[in-house]
Amino acid sequence: MDNGDLGAGMDRFKQVEKKKNTGRKKIVIEKIEKSSNKQVTFSKRRVGLFKKASELCILCNVNVAIIVFSPAEKLFCFGHPDVEAIVGNYLKGAKVLVPSASRGSYEESNMQYEEAMRNLALEKKNLTETEALVKGMTRRWWEDPIDQMSERELEQFMVSLYELRKKLTERAGKLFMLSIQ
């Protein structure tokens, strides 16, 4: 066997390895019995359904409304240009779509979306800062080593100790008076 035959044999071996992948399989369309599997399948396929409907609207310049209830009985809607307008016109028997007055342009919707995303980012930043503050507040100042404190921190430490002593004395006095009565 020469090197050419050896190389050809290795190529066939690699092809056999590749064929071990199962790839995409055709699934049997039948009712799913397990409720958790139903929810997962619904979530994945709903996104695909709405995407296909959106593509149909753009490509064919048609009006589409999809109303779907999930296995968890939540309502999901997709409509182009507007679900309410399409359903309303269908119920009226109208052939021409009159868009609802509440519907704005795509640019306006995009601006509102971007503003909402900026607000969300600010809120996330505020939450992070607040969590950091709370985490810092849960620190027990009395457990910090005194020999590592600066002069200013030592002064604050002493003031805090005096305030604590004063409050403890007041509280002890109140409790003593309550116990006497």
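On a predicted model such as this, the values are computed, not experimentally measured, just so you know.
How far CG of Leu168 is from CZ of Arg171: 10.0 Å, rounded to the nearest 0.5 Å. The structure places CE of Met117 at 6.5 Å from NZ of Lys124, a figure rounded to the nearest 0.5 Å. Atom CG of Leu59 and atom NZ of Lys52 lie 9.5 Å apart (nearest 0.5 Å). How far CD of Glu84 is from CD1 of Ile86: 9.5 Å, rounded to the nearest 0.5 Å. Atom CG of Leu56 sits about 10.0 Å away from atom NE2 of His80, to the nearest 0.5 Å. With rounding to the nearest 0.5 angstrom, the OG1 atom of Thr169 is 6.5 Å from the CZ atom of Arg165.
Counting only heavy atoms from C-beta outward, the side chains of Gln39 and Ser43 approach each other to under 4.5 Å. The closest side-chain heavy-atom distance from Leu127 to Glu123 is not below 4.5 Å.
The two residues Lys38 and Glu33 make their nearest non-hydrogen contact at CE-O, 4.0 Å.
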Could you tabulate the donor-acceptor pairs under 3.5 Å formed by side-chain atoms of residues 64-77, not counting sequence neighbours?
residue: Ser70; atom: OG; partner: Ala72; partner atom: N; Å: 3.1
residue: Ser70; atom: OG; partner: Glu73; partner atom: N; Å: 3.3
residue: Ser70; atom: OG; partner: Lys74; partner atom: N; Å: 3.0

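Residue pairs meeting the salt bridge (Lys or Arg N to Asp or Glu O under 4.0 Å) criterion with at least one member in residues 147-156, sequence neighbours excluded, do not occur.
There is no path of hydrophobic side-chain contacts, each under 4.5 Å, that joins Val83 to Phe78. Residues Phe42 and Phe50 fall within the same hydrophobic cluster, defined by Ile, Leu, Val, Met, Phe, Trp and Tyr side chains chained together at heavy-atom separations under 4.5 Å.
Its side chain outside the 4.5 Å cluster rule for every partner, Val159 clusters with none of the Ile, Leu, Val, Met, Phe, Trp and Tyr residues.
Within 6.0 Å of the CG atom in Asn126, the count of heavy atoms belonging to other residues, nucleotides or ligands exceeds 12.
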>> Test salt bridge (Lys or Arg N to Asp or Glu O under 4.0 Å) on Arg118 and Glu115; report intermediate values, then the result.
In response: CA-CA 5 Å; Arg118 282 193 294 270; Glu115 180 67 26; 2.8 Å; yes

